[in-house]
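Input: one structure, supplied below.
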Amino acid sequence: MIGAKPALTAATLGFFTITLDALIVSVALPAIDASLGAGMSGLQWVVDGYTLPFAALLLFAGGLTDRYGSKRIFSAGVSIFTLSSLLCSVAPEISLLVSARFFQGIGAALMTPASLSLIGEAYTDPSEKSRAVGFWAAGGAVASTISPLIGGLLSAVSWRLIFLVNFPVGIAILLILRRVGTSYRRSTPFDFLGQITSFISLVAFLYGLIQMGNRTFSDAHVLVPLVTALITGMFFLLVQMKKRNPMVPRNLFISRTITATVLIGFTFMIGFFGMVFVLSLYLQVFRGLSVLETGLAFIPVTGFSIIMPILAASLAEKRGPWLPIALGQIAMFSGLLLLSAFSRYASVPVLILCMIPVGLGAGMAMPSATSLLLNSVPSEISGTAGGLLNTSRQIGGALGVALFGTIISVNGYETGLTISLAIAGLLLLFTTVFGVSTMKPASSTTV
């Protein structure tokens, strides 16, 4: 059994760093462009060069975590992330920066399911595990809250500092991991076909979504990768159902609890990241806010996501995990529909008030769903389960940005904003109903 406090500290610090790095770069993009002459395409790949391997490798990383142990894979991920961050900070041209960002994404992919697996192994009591996941989620929420301010401050000195700061943090995480004991390993045959088909499907799908932001759906750069993703994705599912030792255990596919939590992660990211994406642009383009003012406008939203995971864990301990999950999704649904209805007419302070239920609900629903997932699977496959959940989250975030961008391009900004936020709210309502229907038969069982 691994040490609980060092494992939680390392996992939370790692998740904090990953979240901070994903968001802080957006603030520094103008400075990167001025320094390296990146152009719009180059700046897009500074972001997407990280997102693509991060999302595409999460399932693979989850399988590695179960096979070789969460501590070993987390350590490898931290090492790759730390060294590539150092390379980012000294990159002399945009192509080298994008290449280093690609390796950052690989490191982040290895770290994410392994961090959840570390927590899953360190805490065997469901209530303690829920509190630990709440603390882990709060670390990511803190990173989300402070990233606009930290990014602005560091970029004012040099954009290279936003990457260089990861180096001492990575060293600190590796030192903490020395106090963590040996973690579980699952000796099973390696599913090469499953790994290859899932990777091709995810890369093709995410690439198609990225291209959708700049092209029409019928464009070959969009249509071909999406069709490829569909074909290879169906083949991946077929392989998983037929293979004796599949990459993703079959009981994860048939469990209603796992299905519900994965869907919640998917719609959560569509709603939350989609809202941040469209409203960040709306507040600057149509309401005249600066980048810093826009970042400050989101602090009340993300601030609730810092404290709510801890309160949600306490509520789950008394009333079960599905209550904070349902209440959180209802709050997000309500906030998104309010924004959809009043975004055109409301003042900025009123818009911020409408966004607060989204942040409040996000802080309740997602950590509780993550805890439910970890408490529903054996520790030896918690890495795969975490990889499945986080893959759905990353796909949801990428889909939200691509879909909402396309809707806005076709319908105009204000009408597109209304339609996009309404779609996000309705998706959350669907997963709320599905989750409630899952409560009785599966809330107390494990796969």
Side-chain angles (χ1 to χ4, degrees), residues 22 41 44-45 47-64 98 101-102 105-106 108-110 112-113 191-243 246-250 252-253 258-259 261-271 273-274 277 384-407 409-410 420 423-424 427 430-431:
S41 177
Q44 182 184 22
W45 278 106
V47 177
D48 294 336
Y50 175 84
T51 303
L52 190 61
F54 185 11
L57 289 171
L58 280 167
L59 271 178
F60 173 71
L64 287 182
V98 171
R101 286 283 286 167
F102 183 87
I106 294 174
L110 293 174
T112 302
D191 182 10
F192 286 102
L193 189 57
Q195 299 286 359
I196 292 171
T197 52
S198 68
F199 179 75
I200 293 174
S201 180
L202 288 169
V203 167
F205 183 66
L206 291 165
Y207 181 80
L209 291 181
I210 290 169
Q211 293 299 314
M212 192 186 294
N214 302 315
R215 306 170 188 267
T216 63
F217 181 78
S218 59
D219 190 288
H221 289 84
V222 176
L223 196 56
V224 171
L226 291 182
V227 170
T228 302
L230 177 63
I231 294 171
T232 53
M234 292 175 62
F235 187 65
F236 166 74
L237 291 175
L238 181 63
V239 169
Q240 297 305 288
M241 291 300 177
K242 298 292 186 182
K243 199 172 180 64
M247 170 185 170
V248 180
R250 278 183 285 274
L252 293 185
F253 284 115
I258 304 302
T259 301
T261 53
V262 168
L263 283 174
I264 288 167
F266 177 72
T267 57
F268 160 80
M269 290 291 279
I270 290 178
F273 268 50
F277 170 69
T384 298
L388 188 64
L389 173 63
N390 282 290
T391 297
S392 74
R393 282 165 51 94
Q394 292 299 318
I395 291 175
L399 180 60
V401 171
L403 178 62
F404 293 176
T406 301
I407 291 173
S409 297
V410 172
S420 298
I423 289 173
L427 286 172
F430 165 75
T431 51

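Computation of the quantities below employed the complete heavy-atom set of this structure, encompassing side-chain atoms and omitting hydrogens, waters and symmetry-equivalent molecules.
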Please examine the side chains of Leu59 and Phe199, heavy atoms only from C-beta on, and report whether any two atoms are closer than 4.5 Å.
no
d(Phe60 CZ, Ile106 CD1) to nearest 0.5 Å is 9.5 Å
Closest contact, heavy atoms only, Pro53 versus Gly105:
CG-CA, 4.0 Å
Here the gap from Thr259 atom OG1 to Ile264 atom CD1, rounded to the nearest 0.5 Å, amounts to 10.5 Å
Value rounded to 0.5 Å, distance of CZ in Phe236 from CG in Leu202
8.0 Å
Determine whether Leu193 and Phe235 satisfy the following criterion, side-chain contact (heavy atoms from CB on, under 4.5 Å), listing intermediate values before the conclusion.
CA-CA 10 Å; Leu193 189 57; Phe235 187 65; 4.1 Å; yes
Is a donor from one side chain sitting under 3.5 angstrom from an acceptor on the other, for Thr431 and Thr267?
yes
Evaluate Ile407 against Ile423 for side-chain contact (heavy atoms from CB on, under 4.5 Å), listing each step before the verdict.
CA-CA 11 Å; Ile407 291 173; Ile423 289 173; 3.7 Å; yes
Taking it one step at a time, do Leu110 and Leu57 satisfy side-chain contact (heavy atoms from CB on, under 4.5 Å)?
CA-CA 8 Å; Leu110 293 174; Leu57 289 171; over 6 Å; no
Atom of Tyr50, atom of Arg101 and distance for their closest heavy-atom approach
CB-NH2, 3.3 Å
The residue among Leu230, Thr232, Leu237 that forms side chain to side chain contact (heavy atoms under 4.5 Å, CB included) with Met234 is Leu230
For Ala424 and Gly271 the tightest heavy-atom approach is CB-CA, 3.8 Å
Any idea which heavy atoms bring Ala109 and Ala61 closest together, and the distance?
O-CB, 3.2 Å
For Leu58 against Pro113, the heavy-atom pair lying closest together
CD2-CD, 3.7 Å
Where Ala56 and Val203 come nearest, the two heavy atoms and their spacing
CB-CG2, 3.6 Å
Is there a side-chain contact (heavy atoms from CB on, under 4.5 Å) between Arg393 and Phe266 once you walk through the steps?
CA-CA 5 Å; Arg393 282 165 51 94; Phe266 177 72; over 6 Å; no
N/O donor-acceptor pair under 3.5 Å between Ser201 side chain and Thr197 backbone
no
